[in-house]
**Student:** 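My structure is below; once you've seen it, I'll send some questions.
Everything numeric in this text was worked out from a predicted model, so none of it was measured.
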Amino acid sequence: MVLSLLVLIGCGAAADSQPSGDGIPDGYPTIAPPEFHGIFEISGVAIAGQPLDLGTASTRQITFDVVTGAVTVDLGCDRRLGSFTLAAGGQASITLTGRIEVDPCPPSDLDGSVVDLAERIERWESTDGGFRLVAAGGDNLVLSEL
């Protein structure tokens, strides 16, 4: 009887640690709301009130891991690694400290602008199908769920 009870308790504990559909273990603490967990396409960039043409970009993605606080900005030829904060109140920040360059693949001028903007982010806003990361002066990155 005691053995059966221990087995049932053990099974219940194992079930509690199973990941939910978004890859986050149920009940696991996160540093940002779960809707930020995953890979997002950079679908728009505006600097100084002007939208940047992303038409020639090969890869423009940002990955947020709300469990570890890690962020990856993947621009195809240039990947930046770091940490982020996306608070429920709308405050946001991204700090990029690592870099992986893919050779032979020259980064575009657009890559530097996107990385610079990502590091100036101050807040986030919800959009249809994603969210917008906004810096001072209204410069922003629009992220869409993949």
**Student:** Could you tell me which residues satisfy salt bridge (charged side-chain N to carboxylate O under 4.0 Å, His left out) with Glu119, sequence neighbours excluded, listed by chain and number?
**Tutor:** none

**Student:** For residues 126-138, which residue pairs pass the side chain to side chain donor-acceptor pair (under 3.5 Å) check, not counting sequence neighbours?
**Tutor:** Glu125-Arg132

**Student:** Below 30° counts as parallel, above 60° as perpendicular, anything between as tilted: where do the rings of Phe36 and Phe131 land?
**Tutor:** perpendicular

**Student:** If we only count heavy atoms from C-beta on, is the Ile62 to Val71 side-chain gap below 4.5 Å?
**Tutor:** yes

**Student:** Please name all residues satisfying side chain to side chain contact (heavy atoms under 4.5 Å, CB included) with Arg79, sequence neighbours left out, ordered by chain then number.
**Tutor:** Asp74, Ile100, Val102

**Student:** Which atom pairs, donor and acceptor, lie under 3.5 Å between side-chain atoms of residues 135-146 and protein residues at least two apart or in another chain?
**Tutor:**
from	atom 1	to	atom 2	distance (Å)
Asp139	OD1	Ala48	N	2.8
Asp139	OD2	Arg120	NH1	3.3
Asp139	OD2	Arg120	NH2	2.8
Asn140	ND2	Gly138	O	3.0
Ser144	OG	Ser43	OG	2.7

**Student:** Taking Ile94 as the starting point, is it possible to reach Val134 by hopping between hydrophobic residues whose side chains are less than 4.5 Å apart?
**Tutor:** no

**Student:** Measuring from Glu101:CD to Asp111:CG, what's the distance to the nearest 0.5 Å?
**Tutor:** 10.0 Å

**Student:** Side chains of Arg80 and Thr72, heavy atoms from C-beta outward: is any pair under 4.5 Å?
**Tutor:** no

**Student:** Measure the CG-CD distance between Leu86 and Glu35 for me, rounded to the nearest 0.5 Å.
**Tutor:** 9.5 Å

**Student:** I'd like to check the side chain to side chain donor-acceptor pair (under 3.5 Å) partners of Glu122; sequence neighbours left out, ordered by chain and number.
**Tutor:** none

**Student:** Does Thr68 have any side chain to side chain contact (heavy atoms under 4.5 Å, CB included) partners at least two apart in sequence or in another chain, and if so, which?
**Tutor:** Asp65, Ala70

**Student:** The test is side chain to side chain contact (heavy atoms under 4.5 Å, CB included); show your working for Phe84 and Leu133 and say whether it passes.
**Tutor:** CA-CA 12 Å; Phe84 72 96; Leu133 301 175; over 6 Å; no

**Student:** What residues, two or more places apart in sequence or in another chain, satisfy side chain to side chain contact (heavy atoms under 4.5 Å, CB included) together with Thr85?
**Tutor:** Ser93

**Student:** Of all residues at least two apart in sequence or in a different chain, which pass the side chain to side chain contact (heavy atoms under 4.5 Å, CB included) check with Ser113?
**Tutor:** Ile47, Leu52

**Student:** Do Thr97 and Leu81 come close enough that some side-chain heavy atom pair is under 4.5 Å?
**Tutor:** no

**Student:** Please list all pairs passing the salt bridge (Lys or Arg N to Asp or Glu O under 4.0 Å) test where one or both residues lie in residues 84-93, with sequence neighbours left out.
**Tutor:** none

